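The block underneath contains the structure these notes are about, expressed in structure tokens.
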Amino acid sequence: MTTLIVDAQNLGYRTWFAVQDTTTSPYDAYIDVLRDVARMTGASRRIAAVERSRSFRYALLPGYKDGRTQRTSEQQAFLDALPKLARKAGFEVWHAHAHEADDVMATMAVASTGPVLIVTNDRDLYACVNDRIHVLVPDDDAPDGFRRIDEAAVLNSFGVRPPHTALQGPRWGCQRQDQRGAPAWQGQSTPDSSGLFHA
């Protein structure tokens with residue numbers, strides 16, 4: 001049983017800019033993109049990871065993401081609609097308080113059983129790659145629109161295997177190193193037991 005985990009906002013931004021200067025609605029295009037990815041992967045479980053609160057990183061790192069362009073009101077309205085659009089496309093929607101979508105994706109990928117495909121261009125998620133977990137990077141030049149990142153691709157890009165990439169601990173919430181990630185998920189849906197919430 002393959003699990004598909006999508007970085008909702010990451011894919012949302014890509015969709016938003018792809019339809020600018022066209023008559024296509026970004027709302028409709030986003031649903032179509034999600035459904036296309038689901039069909040392409042044949043995943044039986046489909047998850048969209050979203051951000052619903054400010055990350056703890058802002059308190060730890062002054063100036064965190066300050067260099068990013070201010071969103072327009074139209075962009076913000078679209079991003080706010082992503083959870084609803086993802087559900088309409090047949091995806092479960094998950095988030096974790098004070099954590100980012102990549103924390104949620106990594107936590108759920110590691111806790112899932114069977115093959116996992118993570119759709120994002122966020123390289124932090126390469127730390128999760130192994131023989132069971134691969135990353136699909138949106139790429140217009142790839143035959144099916146996505147470039148698959150497996151262990152060999154990570155080794156080729158970074159010169160080390162995925163377990164040795166610098167952000168593995170923070171992404172997985174490694175308690176032994178006192179590093180924060182999304183609270184450990186045990187396959188339960190209640191927030192008090194998992195820290196992850198259906199959005």
Side-chain angles (χ1 to χ4, degrees), residues 1-15 33-51 55-57 64-65 82 86 89 91-96 99-187 194-196:
M1 180 178 84
T2 299
T3 298
L4 173 64
I5 306 175
V6 172
D7 186 337
Q9 186 165 299
N10 184 289
L11 201 57
Y13 272 117
R14 183 178 176 83
T15 303
V33 167
L34 288 179
R35 287 176 174 166
D36 287 346
V37 174
R39 278 193 297 268
M40 180 193 76
T41 60
S44 53
R45 187 177 187 195
R46 304 159 185 179
I47 297 167
V50 301
E51 296 173 12
S55 167
F56 70 90
R57 292 174 178 86
Y64 182 61
K65 295 188 178 181
L82 295 184
F91 281 66
E92 301 172 31
V93 178
W94 288 83
H95 71 103
H99 288 78
E100 297 179 1
D102 55 349
D103 299 312
V104 175
M105 289 186 290
T107 301
M108 297 191 82
V110 172
S112 297
T113 59
V116 176
L117 297 171
I118 303 172
V119 176
T120 185
N121 61 16
D122 186 338
R123 293 185 179 184
D124 288 355
L125 274 299
Y126 289 9
C128 297
V129 170
N130 56 32
D131 59 350
R132 185 177 63 82
I133 302 170
H134 290 175
V135 173
L136 298 180
V137 178
D139 185 345
D140 292 334
D141 295 327
D144 58 5
F146 293 91
R147 181 165 37 92
R148 183 182 288 256
I149 303 299
D150 56 14
E151 290 180 281
V154 174
L155 182 61
N156 185 54
S157 294
F158 293 96
V160 296
R161 299 181 67 81
H164 301 292
T165 56
L167 293 178
Q168 179 190 21
R171 293 288 77 79
W172 290 7
C174 180
Q175 300 303 315
R176 288 174 298 179
Q177 299 177 32
D178 194 28
Q179 293 172 313
R180 291 183 65 176
W185 180 62
Q186 302 297 328
S194 68
L196 297 185

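Every value quoted in this text rests on a predicted model; they were computed, and no experiment measured them. Computation of the quantities below employed the complete heavy-atom set of this structure, encompassing side-chain atoms and omitting hydrogens, waters and symmetry-equivalent molecules.
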Note: His134 and Asp150 closest approach over all heavy atoms is NE2-CB, 3.7 Å
Please report the shortest heavy-atom distance between Met40 and Leu136, naming the atom on each side. CE-CD1, 4.0 Å
May I have the step-by-step check of side chain to side chain contact (heavy atoms under 4.5 Å, CB included) for Val50 and Gln9, ending in yes or no? CA-CA 7 Å; Val50 301; Gln9 186 165 299; over 6 Å; no
Leu4 and side chain to side chain contact (heavy atoms under 4.5 Å, CB included): which single residue from Val37, Leu34, Ile47 fits? Val37
Do the side chain of Arg132 and the main chain of Gly114 share a donor and acceptor less than 3.5 angstrom apart? yes
Given side chains that start at C-beta, do those of Val137 and Ile149 come closer than 4.5 Å, heavy atoms only? yes
Atom CG of Asp103 and atom NE2 of His95: how far apart are they, to the nearest 0.5 Å? 13.5 Å
Side chain to side chain contact (heavy atoms under 4.5 Å, CB included) evaluation trace for Leu117 with Thr2: CA-CA 7 Å; Leu117 297 171; Thr2 299; 4.1 Å; yes
I need the minimum non-hydrogen distance between Arg14 and Asp139, along with the two atoms involved. NH2-N, 3.9 Å
In this structure, OG of Ser112 is separated from CE of Met1 (nearest 0.5 Å) by 7.5 Å
So that I can tick it off, tell me whether Glu92 and Arg46 are bridged by a salt bridge, with the cut-off set at under 4.0 angstrom between side-chain N and carboxylate O. no
Measure the CZ-CG distance between Phe91 and Leu82 for me, rounded to the nearest 0.5 Å. 12.5 Å
To check you understand the geometry: which heavy-atom pair defines the closest contact between Ile118 and Leu125, and what is its length? CD1-CD1, 4.0 Å
Would you please test Asp7 and Asp102 for side chain to side chain contact (heavy atoms under 4.5 Å, CB included) and show each step? CA-CA 7 Å; Asp7 186 337; Asp102 55 349; 5.6 Å; no
Is the closest side-chain donor-acceptor distance between Asn10 and Asp122 under 3.5 Å? no
Closest contact, heavy atoms only, Ala89 versus Arg35: CA-NE, 3.8 Å
When every non-hydrogen atom of Ala86 is compared with those of Val93, the smallest separation belongs to CB-CG2, 3.9 Å
Between the side chain of Ser157 and the main-chain N/O of Val154, is any donor-acceptor distance below 3.5 Å? no
